[in-house]
Amino acid sequence: MFADIHSPLQPLNFFHGYQVLVKRDDLIDPFISGNKWRKLKYILAEADRTGKNHLVTFGGAYSNHLVATAAACARNGLQSTAFVRGEAVENEMLLLCKLYGMQLRFTDRLSYQNKPLLFDRYFGGDHTALFVDEGGAGPHAVKGCAEIIAELPADTSHLFCAAGTGTTAAGLLKGIQAAQLKTILHVVPVLKGDDFISPEILKYTGPDHRLRVHTGYHFGGYAKTSPALIEFIKYFIAHTGIMIDPVYTSKMCYALADLLKHNHFNPDDKIVVLHTGGLLGLLGMKEKFH
Ligand SMILES: *Cc1c(COP(=O)(O)O)cnc(C)c1O
């Protein structure tokens with residue numbers, strides 16, 4: 001199942017006067033969404049290689065990573081368990097996880113902070129279990145995300161991606177380095193804070209002048225929105241026919257719109273936005289669209 005994927009590169013006629021293409025990783029799979037597919041690819045290969053048949057992972061109650069892991073495991077004949085941060089709840093995302101056969105273990109926030117300890121306590125003696133960090137973060141994920149670069153035009157001037165942990169961005173930058181491209185990587189963190197993401201990225205790549213981090217588009221933090229962002233999402237979807245999510249891809253598209261408005265780019269630049277998927281994130285934020 002991890003052999004063939006469909007992720008076309010499409011012109012985006014939304015940012016008038018600029019050449020913007022969208023890399024449709026959201027179309028790879030409805031449940032193993034976008035970058036989560038890229039991140040899981042080599043984790044599943046590792047499980048196969050080392051004879052593990054049970055992925056144990058971590059996430060919040062609205063984690064795209066949990067649904068992706070549950071679906072990928074079900075399709076590959078593997079078991080899956082998730083430590084879910086916080087008190088027991090039910091929602092659409094966790095329903096999907098359960099349908100795919102994932103075992104859910106709700107975990108108080110303090111215990112959740114030490115993931116290796118949780119894994120050791122419950123699965124330390126289980127040689128079939130593989131520890132998969134939150135969001136799939138790690139070298140396997142970086143390797144999978146680096147492969148995106150070979151699917152983009154070599155003369156891409158600017159590449160945009162949204163960032164949570166920065167693992168996807170690290171992979172993209174590694175891919176840019178390996179192919180020796182001039183592409184500038186623009187990273188839009190969706191969590192609040194100063195630039196905590198650069199060190200996360202550079203830890204995999206070393207210093208690189210092609211990295212730009214735009215810290216001004218988190219809209220108050222993870223899963224936070226503003227009325228302007230909600231209006232932008234509605235307008236974008238209705239005028240492009242491409243779904244974007246309120247947590248990640250909308251903040252990236254908003255950042256690009258804002259940077260274009262302030263003349264950061266030239267009309268002859270080739271700009272690519274990576275659609276990392278995550279559309280199920282809409283399910284957790286329905287009330288914001290009333
Ligand atoms: C998980 C996710 C991200 C964040 O990826 P990182 O590698 O953690 O930075 C970005 N976009 C979408 C849609 C996601 O689901």
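One-based numbering, in listed order, for ligands and for the atoms of each.
- Between Asn64 and ligand 1, at least one pair of N/O atoms sits closer than 3.5 Å.
- Aromatic ring pairs are classed by plane angle as parallel below 30°, tilted from 30° to 60° and perpendicular above 60°; the pair Phe265 and His186 is perpendicular.
- Counted within 6.0 Å of CZ on Phe196, heavy atoms from surrounding residues, nucleotides or ligands total more than 12; the atom is thus considered enclosed.
- Nearest to atom 8 (O) of ligand 1 among the protein's heavy atoms is Thr165 OG1, 2.6 Å.
- For atom 3 (C) of ligand 1, the nearest protein heavy atom (residue, atom name, distance) is Asn35 ND2, 3.3 Å.
- Considering backbone and side-chain atoms together, Gly164 places an N or O closer than 3.5 Å to an N or O of ligand 1.
- For the atom pair Thr57 OG1 and Ile43 CD1, the distance stands at 7.5 Å (nearest 0.5 Å).
- Using a 3.5 Å distance cut-off with no hydrogens or angles, the side chains of Ser33 and Asn64 do not pair a donor with an acceptor.
- Taken to the nearest 0.5 Å, the CZ atom of Phe58 stands 10.5 Å off from the CG atom of Leu66.
- In this structure, Tyr18 has its ring center at least 6.0 angstrom away from the ring center of His158.
- Taking 4.0 Å as the cut-off, Gly277 counts as a neighbour of ligand 1 on heavy-atom distance.
- Ligand 1 lies nowhere less than 4.0 angstrom from a heavy atom belonging to Gly135.
- Note on ring orientation: taking the six-membered ring where Trp is involved, the planes of His264 and His262 are perpendicular (angle over 60°, cut-offs 30° and 60°).
- If you check which protein heavy atom lies closest to atom 10 (C) of ligand 1, you get Tyr248 CD2, 3.3 Å.
- Both the backbone and the side chain of Thr168 come within contact range of ligand 1, each with a heavy atom under 4.0 Å.
- Here the heavy atom of the protein found nearest to atom 11 (N) of ligand 1 is Thr276 OG1, 2.7 Å.
- Contact annotation: for Val190 versus ligand 1, there are no heavy atoms closer than 4.0 Å.
- Ligand 1 places these atoms under 4.0 Å from at least one heavy atom of Lys36: 1 (C), 2 (C), 3 (C), 14 (C), 15 (O).
- The proximity of His65 to ligand 1, defined as any non-hydrogen pair under 4.0 Å, does not occur for either the backbone or the side chain.
- The environment of NZ in Lys192 is sparse: at most 12 heavy-atom neighbours from other residues, nucleotides or ligands sit within 6.0 Å.
- Near Gly278, meaning under 4.0 Å from any of its heavy atoms, are these atoms of ligand 1: 13 (C).
- Interatomic distance, Glu151 CD to Leu9 CG, rounded to the nearest 0.5 Å: 9.5 Å.
- The contact set between ligand 1 and Lys39, taken as ligand atoms under 4.0 Å from a residue heavy atom, comprises 5 (O), 6 (P), 7 (O), 8 (O).
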